[in-house]
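Notes for the one structure printed next.
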There are 2 protein chains.
Amino acid sequence: MNSRESLKNFILKVVQITPKDAQEIADAFRPIELEEKEFLLQENQVSDDYLYLENGLMRTFLYDLEGEEITIDFFIEDNIVFEITSFFNRVRSEANIQAITKCTGFRISYEELNTLFHDKPAFRDFGRAILVKEFIASQKRNYGMINRTAKERYQNLLMTKPQILQHSPLKFIASYLGVTDSTLSRLRKNL
Amino acid sequence: MNSRESLKNFILKVVQITPKDAQEIADAFRPIELEEKEFLLQENQVSDDYLYLENGLMRTFLYDLEGEEITIDFFIEDNIVFEITSFFNRVRSEANIQAITKCTGFRISYEELNTLFHDKPAFRDFGRAILVKEFIASQKRNYGMINRTAKERYQNLLMTKPQILQHSPLKFIASYLGVTDSTLSRLRKNL
DNA sequence: GAATCCGCTTGACAAAAGGCAAGAAAATGA
DNA sequence: TCATTTTCTTGCCTTTTGTCAAGCGGATTC
């Protein structure tokens, strides 16, 4: 079995496209591996990775005014991972992207992405669909954060991304949920 | 002065493009007016409006599990307004978009947008830039909501969209900030 | 002009979440 | 293995926010 099968299937899930085109797009990606705690992107770099995460768990985080790490989002397998602002606008990133566990996947650069956009019109639809998908996820998260208690937010996270519980330290989850370590620890107790 | 001057300038701000192209794109949009409280989109409709808001204030909202209106976002003048999910994925909208004040602007349909994407490659970049811009705004909002108190969130909203204070009833703002009317009323008092 | 409705404010109390510090448990490393 | 560091839990008390109910003033309506 072709090692890019997972990526090909992901593409076919996202846009209507011929399997041949999907395969050719997938073939343009190159394998990448990240060790636990390795960075895909560090702040002040210009991101040049558009990554399909085949296996593993990642997070994106930044530092707040007090210098504390704030986890902004978790990425689980079978998703596209990249820092939209830095990647598309070619500006220095304010955020970091880090592997929580060992990760494997396939990546292309900004230049390669644009070449693909040009050569494969269907890939443009893919790119747009990913943007729309991520945007919707962000909006849903907004909504979920505002109108729920910390306990409900925690339960919701466990429903949607149960992998996190196994592999992520409590403090990443706490800052993602916008509560202190203590509060999250107490929430866990009442389950 | 051409009545679409504002839209043309908006396009020129967003992407590098010739003024001639920007003008031709702007000319493809058609004027639209909305009275106070009129809806641009109601839930269960498939959105067909990609709107440049030239003047006025709008909001998008939905109903929570208790049937209460939750304001998801405010739109101020000189911005693109549309419901991404419904518009791009051609599915029924869960959200409503409503004019808070009288609004004027220019709109195109989904079909017209795709024709423009085809005829004017530079407009594709515009479309993508708008998506990226909105996505970033959504992420920023996420971040701002999580790690700030209600008071800080309120102050931040007033800094970024002061128009809202003048025209929006308190309850819209309260649900946007994720607090009760009472709490927002008390916050206001302490300023 | 009295009755009604709506938007907003306020008070009294309850619940949710945070701050801080101490300590237990787990991971790391020599 | 033992020592050290990091991660997580817990207790005590404070702050923030919510709930519920009452009240106020302006607009609308009959």
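In what follows, chains carry the letters A, B, and so on, assigned in the order in which the sequence lines appear, proteins first and then strands, with residues in each chain numbered from 1.
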How about A:Leu53 and A:Ile76: do any of their side-chain heavy atoms sit closer than 4.5 Å? no

Whether A:Asp73 and A:Arg141 form a salt bridge (side-chain N of Lys/Arg under 4.0 Å from carboxylate O of Asp/Glu) is what I want to check. no

Nearest whole angstrom, please: distance from the C1' of D:dT17 to the CG of B:Leu184. 12 Å

What is the distance, rounded to the nearest whole Å, between atom CZ of B:Arg186 and atom P of D:dT19? 11 Å

Listed in order of residue number, which residues of residues 163-183 of chain B have a non-hydrogen atom at under 4.0 Å from DNA chain D? B:Gly178, B:Val179, B:Thr180, B:Ser182, B:Thr183

Residues in ring-ring contact (aromatic ring centres under 6.0 Å, His included) contact with [X], at least two apart in sequence or another chain:
X: B:Phe10; result: B:Tyr52
X: A:Tyr63; result: A:Phe61
X: A:Tyr176; result: A:Phe74

For the ring-ring contact (aromatic ring centres under 6.0 Å, His included) test, which of B:Tyr110, B:Tyr50, B:Phe75 pairs with B:Phe82? B:Tyr50

Per the end-axis method with five pairs at each terminus, what is the bend angle of the helix from C:dG1-D:dC30 to C:dA30-D:dT1, to 10°? 40°

Could you tabulate the donor-acceptor pairs under 3.5 Å formed by side-chain atoms of residues 183-191 of chain B, not counting sequence neighbours?
unit_1: B:Thr183; atom_1: OG1; unit_2: B:Thr180; atom_2: OG1; d: 3.0
unit_1: B:Arg188; atom_1: NE; unit_2: B:Tyr154; atom_2: OH; d: 3.1

Whether the A:Glu152 and A:Asn156 side chains hold a donor-acceptor pair (N or O, under 3.5 Å, no angle test) is what I'd like checked. no

Apart from A:Ile146 itself, members of its ILVMFWY cluster (side-chain separation under 4.5 Å) are B:Met145

Apart from A:Ile72 itself, residues in the same hydrophobic cluster as defined by side-chain heavy atoms under 4.5 Å: A:Leu62, A:Ile70, B:Tyr143

Looking at residues 148-157 of chain B, who's got a heavy atom less than 4.0 Å off DNA chain C? none

Donor-acceptor check, side chain of A:Arg107 to backbone of A:Asp49, threshold 3.5 angstrom: yes or no? no

N/O donor to acceptor pairs below 3.5 angstrom from side-chain atoms of residues 87-94 of chain B, sequence neighbours left out:
unit_1: B:Arg90; atom_1: NH1; unit_2: B:Ser47; atom_2: O; d: 3.0
unit_1: B:Arg90; atom_1: NH1; unit_2: B:Phe87; atom_2: O; d: 3.0
unit_1: B:Arg90; atom_1: NH2; unit_2: B:Asp48; atom_2: OD1; d: 3.4
unit_1: B:Arg92; atom_1: NH1; unit_2: B:Asn44; atom_2: O; d: 2.8
unit_1: B:Ser93; atom_1: OG; unit_2: B:Ala95; atom_2: N; d: 2.9
unit_1: B:Ser93; atom_1: OG; unit_2: B:Ala95; atom_2: O; d: 2.7

First and last nt of DNA chain C near chain A, cut-off under 4.0 Å to heavy atoms, 5' to 3', are C:dA17 to C:dC20

Within the supplied structure, the quantity of interest is the number of heavy atoms (other residues, nucleotides, ligands) at a distance under 6.0 Å from B:Gln166 CD; does it exceed 12? yes

Please say yes or no: joined through hydrophobic side-chain contacts below 4.5 Å, possibly via intermediate residues, are A:Phe117 and B:Leu116 part of one cluster? yes

Write out a two-atom table: protein N or O, nucleotide N or O from nucleotides 25-28 of chain D, distance below 3.5 Å.
none

Taking the six-membered ring of B:Phe29 (Phe, Tyr or Trp), confirm whether the NZ or CZ of B:Arg4 is under 6.0 Å from its centre and within 45° of its axis. no

